[in-house]
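Remember, predicted model here, so these are calculated numbers, not experimental data. Heavy-atom basis, side chains included; hydrogens, waters and symmetry copies ignored. Residue numbers begin at 1 in each chain, while the letters A, B, ... track the order of the sequences.
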Amino acid sequence: MTPATDTPSEAAVPQLPAAAPEHACDVLIADDSTHSREILTNLLRSHAMDLSVRQVRDGSEALSAFWEHKPRVTFLDIDMPGQDGLSVLQTIRRKRRDAFIVIVSGHSSAENVRQALSAGANGFIVKPFKPQRIIDVLERYRSVTGHRLVASDGALRPG
Amino acid sequence: VDIELHYDPPEVPMIDDARAFVIEREAGLQDEVHWVPTLRGKVLLAEDGPHNQRLIGALVEATGARLTIVDHGEAALEAALEGDHDLVLMDIQMPVMDGMTATRLLRAACYAGPVVALTANVMRADLEKYRKAGCTDALGKPIDRRRLYNVLARYLRSGDDGGDAIAEQTEDKMNAVLQRLAVEFRAELPARIASIEQALARRDWQGLRSQVHTLKGVAGSVGFPELTRLAQPVEASIAAARHTEAELQCAMLLEAARLGLKEPA
């Protein structure tokens, strides 16, 4: 039942921004590659130090972690064992139109992009990750929801 | 592409290209085209016309910026998402996927970098369409060297450490490309005139329109601004189905083209 998270670092969950108390974590990352999860986590934290990040390894873990923790932003790898990212996206989207979900893929094929956007993705980023595209996602989250992903003092580091 | 996008276009004021162009002309600044900024950064050019690929390619490379060229909208979408370009120059009319669709999908995918539309249609209503699709700016065709450099300098970092020798070298290379393009245009002009005449004789308005459109987008950048100017009303008349008017205007265009051929290069 409880999703297997493998982030000891999140034991010290920082204070959540007051604006949206229903979220029990900031970011959920679903990807079967440990390497990818770590890189994305590090990139996110380099822009927003105090982010609480949960990591899961496949689609069904992603679903249970999503309903349990109500993350502000969810990154779903498109290519995961079991349920892939697109079907997780569709399942969540049926109940939560306002969830902010970004599809992650190793290929930027136009067909993948179209499918993800039609299924209701809020973004599409490609591995290997480019720092600027991560910033784009954080900025889009802010402009769509009106909330920053981190409390204003937990803030964006320069550079 | 019928996709519900979770995205609102950014409210970025666009440069009214048509107006800026006219103002520059009126102020007599058109001749002041020898400035080549020294720049650093990566530019993605999505353009299917070989002439403009080479023209814009030579102009961009002369600044020191790095350039990637793709020739349709899907390739542009894929390259932009995969790369870390500082600027995308996006032709609007392209095969496979047009530039507006590619830009719309990029914006929906969270891509926030600058995307500049390249287009021969710079009426206010056109510019509004590009802005709504997510473009941050527009550059009119034929490509005006000074306007292109203004746009590049706005979005790329200055790279003022290359040294004059390198700058001179790249500028020589660029001028060589520009000259070659002009020579080629001249060599191809009789064939272009012939196919316009044929389309006119067949009263093939759509064929004529596309011939004239291509001529309009190229002539001005290789020393025949008059042809670009005369092609504009022909296209507009065909679009409005005013065929008699189009025929007269086309006759003037052809006359100017034949005269242009007689002048020494």
Atom CZ of B/R66 with >12 non-hydrogen neighbours under 6.0 angstrom: no
Option in A/V126, A/D136, A/I125 with maximal non-hydrogen atom pairs under 4.5 Å from chain B: A/D136
Between A/R140 and B/A108, the two heavy atoms sitting closest are NH1-O, 4.2 Å
Separation between NZ of A/K130 and NE2 of B/H85, rounded to the nearest 0.5 Å: 9.5 Å
To the nearest 0.5 Å, what is the distance between CD (A/E111) and CD (B/E74)? 7.5 Å
Honestly, the part of B/A102 sitting under 4.5 Å from a heavy atom of chain A is neither
Nearest-0.5 Å distance, CD1 of residue A/I134 to SG of residue B/C110: 10.0 Å
Quick check on A/D79: does its CG atom have over 12 non-hydrogen neighbours (other residues, nucleotides or ligands) under 6.0 Å away? no
More than 12 heavy atoms of other residues, nucleotides or ligands under 6.0 Å from CD of B/E235: yes or no? yes
Separation between CD (B/E78) and CG (A/N112), nearest 0.5 Å, reads 9.0 Å
Smallest separation among heavy atoms of B/A80 and A/R133, with atom names: O-NH1, 4.2 Å
